[in-house]
Amino acid sequence: MLDSIRQNSQSWGVKLAFALIVVVFVFWGVGSMNGPSNSALIATVNDTAIMMPEFKRAYELQMNAIKARFPGIDESQFKQLKIGQQVLQGLIARTLLLQEAERLGMTVTPVELKTEIASIPLFQNAQGKFDPEVYKQMLAAQGMSAGSFERQFKEDLLTKKVRENAVISASVSDDEAHEAFVYASEKRSMDYILYSAVDFMKKATVTDDEIKAFYDANIGRYAVPAQVVIKYLAITPEGLASTVTVDEAAAEAYYADNQSSFRKEEQADASHILVALDENASDKEVAAATKKIEKVLKLARSGKDFGKLAKKYSEGPSAATGGALGTFSRGQMVKPFEDAVFSMKEGEISEPIRTRFGLHIIKLNKLEKARIPAFEEVKGQIMTKLAKDQAADKVTTTLDVVMEQMLSGKSLEDIAKEQKLTLMTSPEFSREQAPVAVGVTKEAAEELFSVPAGTAVDTPLEANDGYVVARVENSKPESSMPLEQVSASIKEQLVADKSVELAFEAAKGASTNVLAGNIDGQPKVQTSPLVERKGFIPGVGSAEDVVKAVFDADGNKWMGPYKTPSGAVFVRLNKVDQPSDEVWQAAKEEVHKTLLARKKQQMEQSFIKSLADKAEIVIKNNELLDKL
């Protein structure tokens, strides 16, 4: 049910109002936070108090939203985000908006409230209409009354009205949108003189003392976390599946009822050869690329090995594997490429196909039509699923039996034999690796790192879909990689850094001549492809200051030198490429929409700040916020 709620809920802005109550009530009453009691006062906004229960609900909502979006996030990263402070600021903003609604005399009528609630899919029946019984059942499942839900929901509608009123004057002119679009879409190329760090590597000497000093100053980089090895029983549907016998007739019945879920979509196995070509390439560049791809096409159709041709001529990342793209279905490739592939016959080589990446010739190796596999093909898959489904009902009772036997002094080996379970041995893992290594949560894994080797953990550890009962076999404390193990990589790093510095010093020595336009005797002038304002230049590397200089330039004078990962460079503007009017017209509506949304967000933030500046806001529990 919770999954259904999460999938169907919507919000109007978690940062300001902490979401539509449809999402909030999923976590209603959840309180895993430690700290003051539920009656503690968190803050006051003018005469309105923000209490612990309200803060806890909002905090849990935000935590769950972040965990859903970033499953691998850990507690230290949470603390860096300062979620507690963000949550409180959101609650303060919400309170200010409700106070402003009262000042303005804004209301939500019973008809408005009823209409909005009726529009929520979560409370509708199979025909898409509001169902009072579904409404009651959903609220009851979360332990909520209709009164408390509707009161909170009404407040959400009020804050939405105030925010919409605050940004009602927002607008974006055509000139403003066009200027922003050109700024974001413009590309430029540059001429550059590179003093390559590679040329200075032989002069970049590093002593043992320098390596040791770097190691000592950066010891945190070489930390090795605490590690454990455990033996364990997985009291999970998967772990208990082997103890369940599934009737083949039941599997056949399941297959008959769910055939469509086993459908395999049309799939292609193809290889390609790419000649890179910018979307906005000139006619001359298109002609050159076309000539090159047609030459390769002629070789491919003459019987030459396609894979060898791809390795030699392809300019795409798959060149190293002979152009092989593996198996893919519709929707995984850009549209022109996909359309070509799925219209070909096996073994056929296509005419050149133009995409935003360039020109391709494609060889279709194999094509599998969409189909529903026979029962025998998926029998094992179904039997496993049904076994896990039945085993899920045994998790609690099996866990009770296992824990009783452990408390009576039996070993995990004996328990495994009696309960017909598999006793598993984990690889060595750290706290961070626990969810992948043995399936337990990071919080549960703390138990494994708090007991000495040879000790059984006396409580079951929570796993994603059940529990793990474990004994720590071996443990290693936190340590650091020895200097001997990392000295080679440190030396490599220091040599690279010194090489860049030497290249930069050499470039500075030549700057008077180069900046005056005298480039005789300098390294060869090279020209970059067109680049965007992202700071990466092929041949030079990531260099934001270089890109900024080129995009700020209005002439072709040499500038620099600039330090880059590749060494040092002098640069000058070569070419400016702005989007055509046709491209602008195609993007115009979306640009307007994006800029208007951004402007409304900025106006909304300014409006709330103005309310806060005029309000008396007192934070009562900074100690708690500092811990979150």
Are any non-hydrogen side-chain atoms of [X] and [Y] less than 4.5 angstrom apart?
X	Y	result
H360	P352	no
K563	E501	yes
Q86	Q62	yes

Legend entry - Modelled atom types, side-chain donor and acceptor of Q332 and S329, under 3.5 Å: yes

Inset, instruction - Verify the distance criterion only: is there a donor paired with an acceptor across the side chains of S314 and H272 at less than 3.5 Å? - result: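 Looking only at side-chain atoms, H272 and S314 do not form any donor-acceptor pair under 3.5 Å.
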
Quick test of your reading of the model: are [X] and [Y] salt-bridged, counting only N-O distances below 4.0 Å?
X	Y	result
R263	E265	yes
R301	E348	no
K498	E210	yes

Contacts of type ring-ring contact (aromatic ring centres under 6.0 Å, His included), residue [X], not counting sequence neighbours:
X	result
W584	H178, F181
F328	none
F607	none
Y195	none

Going by atom type alone, with no hydrogens or angles, which donor-acceptor pairs under 3.5 Å involve a side-chain atom of residues 535-562 and a protein atom two or more places apart or on another chain?
unit_1, atom_1, unit_2, atom_2, d
K548, NZ, D552, OD2, 2.7

Legend entry - Sole candidate of D577, N574, T527 that passes side-chain hydrogen bond (donor to acceptor under 3.5 Å, both in side chains) when paired with S189: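 Of the listed residues D577, N574, T527, the side-chain hydrogen bond (donor to acceptor under 3.5 Å, both in side chains) partner of S189 is N574.
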
Side-chain donor-acceptor pairs under 3.5 Å in residues 509-516, sequence neighbours left out?
unit_1, atom_1, unit_2, atom_2, d
S511, OG, K508, O, 2.7

Inset, instruction - Please list all pairs passing the salt bridge (Lys or Arg N to Asp or Glu O under 4.0 Å) test where one or both residues lie in residues 354-366, with sequence neighbours left out. - result: K366-E368

Legend entry - Lys NZ or Arg CZ of R533 over Y183 ring: under 6.0 Å, within 45°: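 Yes, R533 lies over the aromatic ring of Y183.
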
Under the salt bridge (charged side-chain N to carboxylate O under 4.0 Å, His left out) rule, collect the residues that match up with [X], sequence neighbours excluded.
X	answer
K600	none
K588	D174
K388	none
K335	D339

Inset, instruction - Can you measure from OG (S487) to CD (E492) and round to the nearest 0.5 angstrom? - result: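 CD of E492 is found 11.5 Å from OG of S487.
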
Legend entry - Backbone N/O of L367 and side chain of E346: donor-acceptor pair under 3.5 Å: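 Yes; at least one donor-acceptor contact below 3.5 Å.
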
Inset, instruction - Show your reasoning for whether salt bridge (charged side-chain N to carboxylate O under 4.0 Å, His left out) applies to E432 and K442. - result: CA-CA 7 Å; E432 293 297 311; K442 290 177 184 176; 3.2 Å; yes

Legend entry - Set of residues satisfying side chain to side chain donor-acceptor pair (under 3.5 Å) with respect to K534, sequence neighbours excluded: E532

